[in-house]
Amino acid sequence: MTKKHGKHQRGQVHAKVDTKSAATASQAAHEPPSAARWARAAAEIADGVPHDVTAPPARRAAEGIVTIRPGQVCDLSAIDPNADGGLDKEASKQALAAERARIQTLQERLYAEHRRSLLVVFQAIDTGGKDGTIRAVLEGVNPQGCRVWSFKVPSAEEADHDFLWRYHARTPSRGMIGVFNRSHYEDVLVVRVKGLVPEKTWRERYGLINGFERMLTLSGTTVLKFFLHISKDEQKERLEARIADPEKHWKFDPADLVERKAWNAYQAAFTDALTHCSSPHAPWHVVPANRKWFRNLVIARTIADTLEAMDPQFPEAAEGISGMTVPD
Ligand code: AMP
Ligand code: MG
């Protein structure tokens, strides 16, 4: 990425429009308010978004993650959910703390820069570990710069709109890290498995999702997608643990047992989504997720590496700050 440090000063952006020329200024005075607002918005977009956002930063996934390349057919059965990269569990917990510290430092820069944003998407089968990953990886991040959204069965209002409406409304604004716990992919996953819309409709959505993610990328949002890959045996153990522990009963939904019967249908739906929606700007990352400590480490590392590649910069300070004194 080329660095365009500190160009985003709201005052400057507006001044640019207002001082173009006397003719423009007098013209602007006679324009209806909405036209003036559009002109300001256009200037702000031109000034505020890096011009090379079409070339997103390299998202080098941490070792142990399988990244689906565009055009590659995803074969989940060939990816071992037990993989742990030969890492040591205790050492990995220490390493996770170091990756969290990197995320915290880079997040502060992203927030201060106020030009671009990061959207982290998590998808998995029930008990796949989405909540646990979010808790482990984002612990310590300034809550002001990060928002987590969990998507459930659409409300009546959401269902009355196009399928992307509720997701688009929650994409991160400049400077923010946004996290989707479930996402727009539910509309080609659960919706497909339960037959909630005709096949023609969900098939069309792969292309619509690719377009949506491309639009976000062009607008300065880096889209980072993780699929947490667990085995059917591991899901059984996790469901049994929820039944056995009264403190975990709140997490147990008897409907999960019905969903489990559709395991193969879900794997087929994940396979197609990961195959059709791994674009150059937003590839899918498959995370072996039976071992929670391994999952947490490689995801934290990939998020930290992605933020580092984005290379957010503090805005330029006003001149002469270093020499200033604070009056009594
Ligand atoms: P949980 O994440 O366990 O609280 O469950 C949320 C539920 O909402 C899951 O069963 C999802 O499959 C379901 N869900 C999420 N998005 C959609 C959607 N777009 N259409 C139908 N069901 C959905
Ligand atoms: Mg659930």
Side-chain angles (χ1 to χ4, degrees), residues 119-138 147-171 178-213 223 225-232 234-274 276-277 284 287 289-290 292 295 299:
L119 173 61
V120 186
V121 172
F122 290 108
Q123 284 291 162
I125 199 132
D126 293 322
T127 76
K130 302 180 297 298
D131 302 67
T133 304
I134 292 167
R135 194 171 55 238
V137 169
L138 293 167
R147 294 198 76 170
V148 181
W149 298 100
S150 298
F151 294 98
K152 313 282 181 185
V153 176
S155 68
E157 189 191 23
E158 288 168 346
D160 276 349
H161 288 82
D162 67 85
F163 83 101
L164 287 174
W165 182 76
R166 66 172 181 162
Y167 308 105
H168 197 182
R170 291 165 179 81
T171 53
V179 179
F180 280 5
N181 181 348
R182 300 187 189 268
S183 69
H184 41 297
Y185 283 92
E186 290 294 329
D187 295 81
V188 291
L189 295 169
V190 64
V191 164
R192 164 179 169 173
V193 171
K194 291 191 171 169
L196 303 180
V197 298
E199 177 169 350
K200 183 176 176 297
T201 304
W202 58 255
R203 279 208 180 276
E204 203 131 35
R205 289 181 177 172
Y206 297 128
L208 298 170
I209 286 173
N210 287 335
F212 174 56
E213 293 176 356
V223 182
K225 304 183 298 198
F226 295 106
F227 172 68
L228 312 183
H229 181 44
I230 61 164
S231 61
K232 198 173 179 189
E234 180 69 19
Q235 188 193 51
K236 187 168 195 286
E237 276 182 31
R238 293 185 185 183
L239 287 171
E240 284 171 348
R242 287 181 185 183
I243 293 169
D245 181 353
E247 298 223 326
K248 287 188 179 168
H249 282 180
W250 68 274
K251 275 180 133 184
F252 181 75
D253 181 354
D256 289 351
L257 300 181
V258 180
E259 295 300 290
R260 180 171 162 80
K261 291 198 180 131
W263 177 274
N264 290 341
Y266 272 106
Q267 295 301 304
F270 283 126
T271 296
D272 281 348
L274 271 56
H276 296 306
C277 298
W284 270 103
V287 184
N290 275 6
K292 296 173 182 172
R295 169 201 79 192
I299 290 175

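Indexing begins at 1, ligand by ligand and atom by atom, following the structure's order. These numbers were taken from a predicted model, which means no experiment stands behind them.
- When non-hydrogen atoms are compared, ligand 1 lies under 4.0 Å from the side chain of Val191 (C-beta onward) but not from its backbone.
- With rounding to the nearest 0.5 Å, the separation of CD in Glu240 from NZ in Lys248 is 12.0 Å.
- Residue contacts with ligand 1 for Val190 involve side-chain atoms from C-beta outward but no N, CA, C or O (heavy atoms, distance under 4.0 Å).
- For the pair Arg166 and ligand 1, the shortest N or O to N or O distance falls below 3.5 Å.
- The closest donor-acceptor contact from the side chain of Arg242 to the backbone of Asp253 lies at 3.5 Å or more, if one exists at all.
- Checked against a 3.5 angstrom limit, the closest N/O atoms of Leu196 and ligand 1 fall outside it.
- Neither the backbone nor the side chain of Tyr185 has a heavy atom within less than 4.0 Å of ligand 1.
- Near Phe151, meaning under 4.0 Å from any of its heavy atoms, are these atoms of ligand 1: 15 (C).
- With a heavy-atom cut-off of 4.0 Å, Lys130 does not touch ligand 1 at all.
- A search for ring-ring contact (aromatic ring centres under 6.0 Å, His included) contacts involving Trp165 returns His161, not counting sequence neighbours.
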Test salt bridge (Lys or Arg N to Asp or Glu O under 4.0 Å) applied to Asp126 and Arg182, step by step = CA-CA 10 Å; Asp126 293 322; Arg182 300 187 189 268; 3.0 Å; yes
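- Of the charged side-chain nitrogens involved, none lies within less than 4.0 Å of a carboxylate oxygen, so that Lys251 and Asp131 do not count as a salt-bridged pair.
- Taking every heavy atom of Tyr167 and a limit of under 4.0 angstrom, the matching atoms of ligand 1 come to 19 (N).
- Listed by first and then second residue, the ring pair (Phe, Tyr, Trp, His ring centres under 6.0 Å) pairs that reach into residues 182-206 are Tyr167-His184, His184-Phe212, Tyr185-Trp284, Tyr206-His276, sequence neighbours excluded.
- Of the protein's heavy atoms, Glu186 OE1, 3.4 Å lies nearest to atom 12 (O) of ligand 1.
- Residue contact check: Asp187 has heavy atoms under 4.0 Å from atoms 19 (N) of ligand 1.
- For atom 2 (O) of ligand 1, the closest non-hydrogen atom of the protein is Arg182 NE, 2.7 Å.
- No donor-acceptor pair closer than 3.5 Å links the side chain of Gln235 to the backbone N or O of Thr127.
- Residue contacts with ligand 1, taken as heavy atom pairs separated by less than 4.0 Å, involve Pro154 solely via side-chain atoms from C-beta onward.
- Under 4.0 angstrom from ligand 1, there are no non-hydrogen atoms of Glu158.
- Side-chain N or O atoms of Glu234 include none that pairs as donor or acceptor with a backbone N or O of Ser231 at under 3.5 Å.
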Step by step, would you call Gln267 with Ile125 a side-chain contact (heavy atoms from CB on, under 4.5 Å)?
-> CA-CA 9 Å; Gln267 295 301 304; Ile125 199 132; 4.1 Å; yes
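- Protein heavy atom at the shortest distance from atom 4 (O) of ligand 1 is Lys152 NZ, 2.5 Å.
- Figure legend: Arg166 and Phe151 shown without cation-pi pairing, the cationic atom not lying both under 6.0 angstrom from the six-membered ring centre and within 45 degrees of its axis.
- With hydrogens left out, the protein atom closest to atom 8 (O) of ligand 1 is Val153 N, 3.2 Å, a heavy atom.
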